[in-house]
Amino acid sequence: IRFSSDTWLQLQTLAKLAQAGYRAVAIDLPGKARGGTRRLHTPGTAQSDISLSSTPGLGRSKDAVAPAPVGQPATGAFLKAVWEALHLDAAVLVSPSLSGMYSLPFLLEQSHLLKAYVPVAPICTDKFSPEQYAQIKTPTLIVYGDQDAELGQASLANLRHLPEHRVLVLQGAGHACYLDKPDEWHRGLLAFLQQLQ
């Protein structure tokens, strides 16, 4: 499976967030698929900003170079530049899988820019210490599929050190749990966002 910002469009996540009154932004990461940003919002009703980092197939973009090798944390500079370019205020960052190499450093370096964080079995959770996680006060919804044999439990074991976390386990779902259980994913995400109000 190749993931990109189109994944969120096809899955209807952008539409469901817009229908709920959120401005949603999905991006392709550097060194990933098409590059660029997809935006969908309902003018005048935005309650918050949601940035959905995607993990598209590698090597498809000749325009952008990834700032770090896959599996190594990148600096938070890329996502900070996205925040500034899109004029995002305190936003919720949804970060599945490979995008963890971008989102986790951003969380640790720029948590003041985040209203909340939604990691979905991200990589690189083992690159940071429990003490680093314990310093972050950002509300977090840790999401994974119970059939994700590689990153689900491993990411939870590290991210559970975030003091303001909740856990959403999608039963019968694998690594891309939002694809396996889209209804449960959308319900859980929207419920988490609503309790942030």
Side-chain angles (χ1 to χ4, degrees), residues 1 3 7-8 11 13 16-17 24 26-27 29 32 48 50-56 58 68-76 78-79 90-196:
I1 298 174
F3 301 101
T7 301
W8 302 113
L11 192 61
T13 301
K16 289 184 184 301
L17 289 169
I27 63 171
L29 299 173
K32 310 295 180 237
S48 180
I50 317 295
S51 176
L52 298 165
S53 297
S54 57
T55 56
L58 295 172
V70 172
Q72 294 300 313
T75 69
F78 169 72
L79 285 178
V92 178
L93 178 62
V94 177
S95 176
S97 194
L98 190 62
S99 65
M101 67 184 275
Y102 294 90
S103 69
L104 287 164
F106 185 73
L107 173 69
L108 294 171
E109 296 167 19
Q110 306 290 335
S111 64
H112 64 281
L113 295 176
L114 293 172
K115 185 171 186 172
Y117 180 54
V118 182
V120 185
I123 66 169
C124 294
T125 61
D126 60 337
K127 307 294 184 191
F128 304 98
S129 70
E131 294 77 23
Q132 287 174 293
Y133 286 124
Q135 294 177 16
I136 304 302
K137 305 302 182 216
T138 304
T140 301
L141 177 64
I142 302 167
V143 183
Y144 70 97
D146 73 337
Q147 301 301 304
D148 183 355
E150 291 185 37
L151 287 173
Q153 287 290 329
S155 63
L156 174 63
N158 295 306
L159 294 173
R160 68 178 175 77
H161 297 288
L162 292 165
E164 300 294 325
H165 79 271
R166 294 179 181 197
V167 179
L168 173 62
V169 180
L170 299 181
Q171 300 297 320
H175 182 61
C177 57
Y178 45 88
L179 292 178
D180 293 340
K181 298 289 183 175
D183 292 337
E184 292 88 340
W185 156 249
H186 290 130
R187 270 196 306 275
L189 177 60
L190 288 169
F192 176 70
L193 296 176
Q194 288 166 357
Q195 64 86 32
L196 294 173

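In this chain, numbering begins with 1 at the start of the sequence shown. These figures come from a predicted structure and were not determined experimentally.
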| task | Kindly determine whether L190 and L17 satisfy side chain to side chain contact (heavy atoms under 4.5 Å, CB included), including the steps that lead there. | result | CA-CA 8 Å; L190 288 169; L17 289 169; 3.9 Å; yes
| field | Test log, rule side chain to side chain contact (heavy atoms under 4.5 Å, CB included), inputs L108 and I136 | value | CA-CA 7 Å; L108 294 171; I136 304 302; 3.6 Å; yes
| field | For Q171, all residues meeting side chain to side chain donor-acceptor pair (under 3.5 Å), sequence neighbours excluded | value |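 Testing Q171 for side chain to side chain donor-acceptor pair (under 3.5 Å), a comparison that skips the adjacent residues, returns none.
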Student check: side-chain heavy atoms of [X] and [Y] closer than 4.5 Å:
{"X": "F128", "Y": "P73", "result": "yes"}
{"X": "S95", "Y": "Y117", "result": "yes"}
{"X": "D180", "Y": "W185", "result": "no"}
{"X": "V118", "Y": "T140", "result": "no"}
{"X": "L170", "Y": "Y144", "result": "no"}
{"X": "Y178", "Y": "T7", "result": "yes"}
{"X": "L93", "Y": "L107", "result": "no"}
{"X": "T138", "Y": "S111", "result": "yes"}

Exam field: side chain [X] to backbone [Y], donor-acceptor pair closer than 3.5 Å:
{"X": "D148", "Y": "G174", "result": "no"}
{"X": "Q194", "Y": "A191", "result": "no"}
{"X": "E109", "Y": "G76", "result": "yes"}

| field | side chain to side chain contact (heavy atoms under 4.5 Å, CB included) assessment of I27 paired with F78 | value | CA-CA 11 Å; I27 63 171; F78 169 72; 4.0 Å; yes
| request: Verify the neighbour count for atom CD of Q195: are there more than 12 heavy atoms of other residues, nucleotides or ligands below 6.0 Å? | output: yes
| message | Can you tell me how far apart CZ (R187) and CG (L168) are? Round to the nearest 0.5 Å. | response |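 Interatomic distance, R187 CZ to L168 CG, rounded to 0.5 Å: 10.0 Å.
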| Spacing of L104 atom CG and Y133 atom OH [to the nearest 0.5 Å] | 4.5 Å
Quick one: closest heavy-atom pair of [X] and [Y], and the distance?
{"X": "L196", "Y": "A116", "result": "CD1-CB, 3.5 Å"}
{"X": "P163", "Y": "A134", "result": "CG-O, 3.5 Å"}
{"X": "L11", "Y": "H186", "result": "O-CE1, 3.3 Å"}
{"X": "A173", "Y": "K181", "result": "CB-CG, 3.8 Å"}
{"X": "H175", "Y": "S97", "result": "NE2-OG, 2.7 Å"}
{"X": "A26", "Y": "W8", "result": "CB-CD1, 3.9 Å"}

Could you list the donor-acceptor pairs under 3.5 angstrom formed between side-chain atoms of residues 154-162 and any protein atom two or more places apart in sequence or on another chain?
residue, atom, partner, partner atom, Å
S155, OG, L151, O, 2.8
S155, OG, G152, O, 3.1
N158, ND2, T125, OG1, 3.0
N158, ND2, A154, O, 3.1
R160, NE, A157, O, 3.3

| request: Go through the side-chain N and O atoms of S99 and S103 and say whether any donor and acceptor fall under 3.5 Å apart. | output: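 Looking only at side-chain atoms, S103 and S99 do not form any donor-acceptor pair under 3.5 Å.
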